[in-house]
Peer 1: 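Sending over a structure as structure tokens; questions will come in a sec.
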Number of protein chains: 2
Amino acid sequence: MALRHAVLAVLLSGEFSGYQLAKVFDTGVANFWYAAPQQLYVELAKLERTGLVDGRLVIQLDRPNKRVYTVTEAGVAELVRFAEVEAKPAVIRDDLLVKVHAVDRTDARAVVAQLEDRAVQAAAKVELFDGTLQTLRGDLDEDAFLATGERIGPYLTCLRGKRFEQENLDWCRRGADLIRARWGAEMRDPGA
Amino acid sequence: MALRHAVLAVLLSGEFSGYQLAKVFDTGVANFWYAAPQQLYVELAKLERTGLVDGRLVIQLDRPNKRVYTVTEAGVAELVRFAEVEAKPAVIRDDLLVKVHAVDRTDARAVVAQLEDRAVQAAAKVELFDGTLQTLRGDLDEDAFLATGERIGPYLTCLRGKRFEQENLDWCRRGADLIRARWGAEMRDPGA
DNA sequence: TTCAACATGTAATAAGTTACATGATTCT
DNA sequence: AGAATCATGTAACTTATTACATGTTGAA
């Protein structure tokens, strides 16, 4: 859709290489914009060609050199334009929910296992986001930071991410318990 | 990714035409699988060619004829296989969150307006899902339905959708308030 | 020396989006 | 007569995914 804007928005927080960006997208940003690492390299190259970001080679002695990017004035202008056009509805595509939707006719045991996996991942994300929030607000408490902090955008999106993962965690646990309660027999005695 | 399985999962609830399916995807299912109507016609045709669904022409006197689809045994088998492979991480792509992430450098007024729009949509979805949940559980209360109901999959995914939209609603309102509180001056005096 | 993390890409394929196209039927 | 809803598609284009490919540096 518009990975371009997601990349520009992240780059507002500082210089990032493709590799660093990939990590950010894999952890924090994935809550509102999923992107694979390969996409990011392609997108950054495109963004630089069109003048929305500046790239700069950083020579590192302790590890391989890298190219880091910053948003240009044209890049900020593009974000401003983007902010003003009507937002499209969010796109969500989640295999696991599809599996749960169909669970009554498929393999309850497999679905429970995946709900448990997802619960563990969600718990980790809750912790991660909590740490990010603390870092962002520094010494201030939440209300003070939101009233006076320099940039509240990343804080707000992180808050949303944390809530989302918290809900995910609760739902996965409850779902797993309920499915287990109903298909307990088959789970102990496969193929029943 | 795999619209195929989402369509099969929905079709487990009964016969649907492409048009009806599009409505279901636009409202309920969009919470875990977004798909445009055009995709569904293509997918149904493909699914029928590969024998995962059966199509049947329904002649209607009061409106145009339609073709309705049901899942075949092969289709159920495909869902079973799908349930057993590891679920990919969920894909989320949300313009509005990108805009909020960048709000400190763009147009706070425009973002607030879109947060308010989204809040209204979220509130409507909460109501919608609440109605769906009531319909699904009939006379039973939630716990009784989840323990004894015929199909709990759709109920569980609907519960997740309702929670998601409830959180969305709260977050949009809070975000709009906070952004307004900080950029109040510019909002009253544009371009300041 | 082997593993993990750092670092960056390309190419083929699959999937999704947007625009275009058509037509029936009911209601106002 | 016109609008709204029902109903179904195709084609061009844009994006995203998967597989492949390569190389550095530090730590065990």
Side-chain angles (χ1 to χ4, degrees), chain A residues 1-7 15-27 29-30 32-50 53 55-69 85-95 98, chain B residues 1-8 15-27 29-30 32-50 53 55-69 82 85-95 98:
Chain A
M1 293 175 77
L3 172 59
R4 175 165 74 262
H5 300 114
V7 170
E15 282 188 333
F16 290 89
S17 67
Y19 189 81
Q20 292 174 304
L21 211 49
K23 295 221 146 175
V24 174
F25 269 80
D26 187 46
T27 54
V29 178
F32 62 92
W33 205 276
Y34 174 87
Q38 295 93 327
Q39 277 180 274
L40 295 171
Y41 289 108
V42 173
E43 196 62 41
L44 284 168
K46 208 185 299 179
L47 247 16
E48 193 176 10
R49 277 202 307 279
T50 54
V53 303
R56 175 172 78 83
L57 183 68
V58 174
I59 284 129
Q60 299 185 117
L61 300 171
D62 52 337
R63 45 185 92 164
N65 297 338
K66 62 183 175 182
R67 189 166 187 79
V68 295
Y69 300 87
V85 305
E86 205 190 346
K88 291 178 201 149
V91 168
I92 304 183
R93 293 191 172 107
D94 191 343
D95 273 9
V98 174
Chain B
M1 294 175 76
L3 173 59
R4 175 164 75 262
H5 301 114
V7 170
L8 289 171
E15 283 188 330
F16 289 89
S17 66
Y19 189 82
Q20 291 173 304
L21 210 49
K23 296 221 146 178
V24 174
F25 269 80
D26 187 46
T27 54
V29 178
F32 62 93
W33 205 276
Y34 173 88
Q38 294 94 327
Q39 278 178 273
L40 296 170
Y41 289 109
V42 173
E43 196 62 42
L44 285 168
K46 208 185 299 178
L47 247 17
E48 192 176 11
R49 276 202 308 278
T50 54
V53 304
R56 174 173 79 83
L57 182 69
V58 174
I59 283 131
Q60 299 185 116
L61 300 171
D62 51 338
R63 43 184 96 164
N65 297 338
K66 64 183 175 184
R67 189 165 188 82
V68 296
Y69 301 87
F82 173 65
V85 303
E86 203 190 348
K88 291 179 202 149
V91 168
I92 303 183
R93 294 192 172 106
D94 191 343
D95 273 9
V98 174

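Values in this document were obtained by computation on a predicted structure and should not be read as measured data. Residue numbering restarts at 1 for every chain, and letters A, B, ... go by the order of the sequence lines.
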Peer 1: Closest to the Tyr41(B) side chain: dT17(C), dA5(C), dT8(D)?
Peer 2: dT8(D)
Peer 1: How long is the straight-line distance from CG of Asp94(A) back to CH2 of Trp33(B), given to the nearest 0.5 Å?
Peer 2: 8.0 Å
Peer 1: Check whether any side-chain nitrogen or oxygen of Gln39(A) sits under 4.0 Å from OP1 or OP2 of dT17(D), and answer yes or no.
Peer 2: yes
Peer 1: Starting at atom CG of Leu40(A), determine the distance to atom P of dA7(C), rounded to an integer number of angstrom.
Peer 2: 15 Å
Peer 1: Please assess Val7(B) against Phe25(B) for the test side chain to side chain contact (heavy atoms under 4.5 Å, CB included), listing each intermediate value before the final yes or no.
Peer 2: CA-CA 9 Å; Val7(B) 170; Phe25(B) 269 80; 4.1 Å; yes
Peer 1: Just the table, please: protein N/O against nucleotides 2-4 of chain C N/O, every pair under 3.5 Å.
Peer 2:
none

Peer 1: Can you figure out which of dA16(D), dT8(D), dG9(D) approaches the side chain of Gln38(B) most closely?
Peer 2: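 The answer is dG9(D), which lies nearest to the side chain.
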Peer 1: Without swapping roles, check the side chain of Arg4(A) against the backbone of Glu43(A) for a donor-acceptor pair under 3.5 Å.
Peer 2: no
Peer 1: Reading nucleotides 23-28 of chain C 5' to 3', which nucleotides get B (base under 4.0 Å from a protein heavy atom), which S (sugar-phosphate only), which -?
Peer 2: BBSS--
Peer 1: Can you tell me how far P of dT10(D) sits from CD of Glu43(B), to the nearest Å?
Peer 2: 14 Å
Peer 1: Any idea which of dT10(C), dT17(C), dT8(C) is nearest the Tyr19(A) side chain?
Peer 2: dT8(C)
Peer 1: Could you tell me how far apart Tyr34(B) (OH) and dT15(D) (P) are, to the nearest whole angstrom?
Peer 2: 15 Å
Peer 1: From CG of Asn65(B) over to P of dT8(D), roughly how many Å is that when rounded to an integer?
Peer 2: 9 Å
Peer 1: For the pair made of CD in Gln20(A) and P in dA7(C), what is the distance, rounded to whole Å?
Peer 2: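 Answer to the nearest Å: 6 Å.
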Peer 1: With sequence neighbours left out, write down each residue that passes ring pair (Phe, Tyr, Trp, His ring centres under 6.0 Å) with Phe32(B), or none if nothing qualifies.
Peer 2: His101(A)
Peer 1: How about CD on Gln60(A), more than 12 heavy atoms from neighbouring residues, nucleotides or ligands closer than 6.0 Å, or not?
Peer 2: yes
Peer 1: If I take atom NZ in residue Lys66(A) and atom P in nucleotide dA5(C), what distance separates them, rounded to the nearest angstrom?
Peer 2: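 Going from Lys66(A) (NZ) to dA5(C) (P), I get 17 Å.
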Peer 1: From dT10(D), dT18(C), dT17(C), pick the nucleotide closest to the side chain of Arg93(A)?
Peer 2: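 For the Arg93(A) side chain, the nearest candidate turns out to be dT17(C).
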Peer 1: In whole Å, I'd like the distance from the NZ atom of Lys23(A) to the P atom of dT8(C).
Peer 2: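 About 12 Å, once rounded to whole Å.
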Peer 1: For Ala36(B), enumerate each residue passing the side chain to side chain contact (heavy atoms under 4.5 Å, CB included) test, keeping only those at least two apart in sequence or located in another chain.
Peer 2: Gln38(B), Gln39(B)
Peer 1: Which residues satisfy the side chain to side chain contact (heavy atoms under 4.5 Å, CB included) test with Gln20(B), sequence neighbours excluded?
Peer 2: Phe16(B), Ser17(B), Lys66(B), Val68(B)
Peer 1: To the nearest angstrom, how far is Leu44(A) atom CG from dT10(C) atom P?
Peer 2: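 Going from CG in Leu44(A) over to P in dT10(C) covers 12 Å.
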Peer 1: Got a sec, which residues hit ring pair (Phe, Tyr, Trp, His ring centres under 6.0 Å) with Phe82(B), two or more places apart in sequence or on another chain?
Peer 2: His5(B)
Peer 1: What is the distance from atom CG of Leu8(B) to atom CG of Leu3(B), rounded to the nearest 0.5 Å?
Peer 2: 9.5 Å
